[in-house]
Amino acid sequence: MPQLIWINGRVMPLAEAKIGVEDRGFQFADGVYEVVRIYDSKLFALDEHLERLARSSAGILLTMPMAAAKLAGEIAALTARSGVAEGMLYLQLTRGVSPRGHVFAPEPHQHTLLFYVMPLDPPAAAPPGVKLHRVEDDRWQRCCIKSIALLPNVLAKNAAAAVGADEAVFVDHGVVTECAASNFFAVIGGKLVTHPVGAKVLPGITRQILLELCPSLGIPVSERPLRESEALAAEEMFIASTTREINWVSHWDGRVVGGGSCGAVTRRLHQALRERVTG
Ligand code: PDD
């Protein structure tokens with residue numbers, strides 16, 4: 001069966017879908033996106049993702065083209081048709097096609113809304129280890145918007161790949177903010193520390209779920225800026241995202257960190273997240 005895409009209300013093979021040359025997403029990165037995990041043919045935390053999509057959309061002065069409940073229904077229908085049991089759904093919303101110009105026309109916009117499903121490997125039973133590569137955080141001040149303007153993240157991730165690392169970690173004037181496509185956490189004195197969401201940190205859905213799980217696990221949480229020197233001395237470091245779940249950090253710029261093994265707090269959170277997914 002060909003890979004299907006839902007695009008502006010029509011379902012067709014992905015290879016046949018077309019985007020206009022003057023789509024503002026293509027010319028200006030004028031759009032937002034979401035990545036939703038599919039486990040056992042079910043969309044995980046879809047409501048939370050659609051809430052964040054609405055916030056991102058409002059953040060770029062773009063009205064959602066349809067109500068969340070209707071969108072959720074269309075997404076569920078395409079996911080069922082895709083036949084993918086373990087995978088992810090990619091959704092993108094742009095301000096659509098209009099004659100090129102920085103100033104956008106008043107509403108209503110001719111949105112381009114699309115989503116499609118991609119298979120992923122089933123989740124790992126134990127958290128995998130990852131190597132981080134440190135990059136200066138040169139992104140804009142509105143990282144809480146899940147914008148499709150990802151070039152700084154793309155370049156950071158490629159710099160990481162070039163030195164054999166798995167993910168880039170952004171450091172903003174000595175403070176660890178987040179990673180190129182995941183949130184960053186450290187365990188310091190038994191407490192989970194992560195940078196607050198906002199100008200420099202995306203409100204990750206995995207992050208949100210992990211912070212919700214912490215009280216019942218008896219893990220204290222501190223949302224505060226975290227200096228690079230503190231992170232390097234932390235008992236544990238891990239990163240989290242929809243596609244990665246939780247990965248413990250084994251190396252930071254080639255140096256072994258966190259004792260070189262997956263820490264106890266990381267392991268407990270990974271287990272609790274797995275139970276949340278399967279439960
Ligand atoms: N990335 N921070 C950034 C910059 C991200 O791009 C992501 C997700 C996260 C984690 O958010 P969540 O838990 O909602 O996935 C944090 C997705 C997976 C991506 O771009 O593919």
Side-chain angles (χ1 to χ4, degrees), residues 25 29 31-39 43-57 59 75 86-93 114-121 123 127-128 130 132-161 166-172 175-186 192 194-214 223 226 237-247 249 269-270 272-274 276-277:
V32 293
Y33 78 106
E34 278 298 327
V35 175
V36 186
R37 187 73 185 243
I38 300 163
Y39 293 111
L43 292 141
F44 180 66
L46 178 61
D47 290 348
E48 288 85 343
H49 283 280
L50 293 183
E51 280 163 24
R52 184 174 62 186
L53 178 69
R55 290 199 303 274
S56 295
S57 181
I75 288 172
E86 298 295 328
M88 57 171 259
L89 178 118
Y90 177 77
L91 178 150
Q92 183 169 309
L93 171 66
L114 60 83
F115 46 86
Y116 57 97
V117 169
M118 284 183 264
L120 286 179
D121 288 337
V130 285
L132 297 187
H133 174 62
R134 177 201 191 284
V135 174
E136 207 54 48
D137 195 344
D138 58 358
R139 298 171 303 155
W140 72 337
Q141 298 292 328
R142 301 184 69 197
C143 296
C144 53
I145 295 174
K146 201 160 169 63
S147 157
I148 58 172
L150 286 172
L151 202 46
N153 307 56
V154 166
L155 293 175
K157 188 92 171 223
N158 277 273
D166 306 289
E167 173 66 306
V169 58
F170 287 120
V171 178
D172 184 27
V175 169
V176 186
T177 53
E178 62 174 343
C179 294
S182 50
N183 288 116
F184 178 86
F185 303 79
L192 186 65
T194 190
H195 196 293
V197 299
K200 282 291 173 183
V201 175
L202 181 80
I205 303 302
T206 320
R207 177 189 186 281
Q208 180 185 323
I209 291 169
L210 291 176
L211 296 191
E212 281 165 19
L213 289 169
C214 279
E223 289 184 78
L226 170 74
M237 285 188 230
F238 67 86
I239 62 173
S241 79
T242 295
T243 47
R244 288 181 181 277
E245 295 191 332
I246 291 179
N247 297 170
V249 178
L269 280 166
H270 180 264
L273 180 63
R274 293 267 75 249
R276 171 78 178 258
V277 165

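Atoms within each ligand, like the ligands themselves, are counted from 1 in listed order.
Stacking of R276 on the aromatic ring of F44 is not recorded, the 6.0 Å distance cut-off and the 45° axial limit not both being met.
Under the 3.5 Å distance criterion, with hydrogens and angles disregarded, a donor-acceptor pair is assigned to the side chains of D137 and T177. T206 and E245 share no side-chain donor-acceptor pair at under 3.5 Å.
Within the 3.5 Å criterion, the main-chain N or O of L202 finds a donor-acceptor partner in the side chain of N183.
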> Under the side chain to side chain contact (heavy atoms under 4.5 Å, CB included) criterion, do L192 and F238 qualify, and how do the steps go?
Replying inline: CA-CA 10 Å; L192 186 65; F238 67 86; 3.5 Å; yes

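Protein residues lining ligand 1, listed by chain and number: Y33, V35, R52, K146, N153, E178, C179, A180, A181, S182, N183, L202, G204, I205, T206, A240, S241, T242, T243 [non-hydrogen atoms, distance under 4.0 Å].
No more than 12 heavy atoms of other residues, nucleotides or ligands lie within 6.0 Å of CG in D121, so this atom counts as exposed by the packing criterion.
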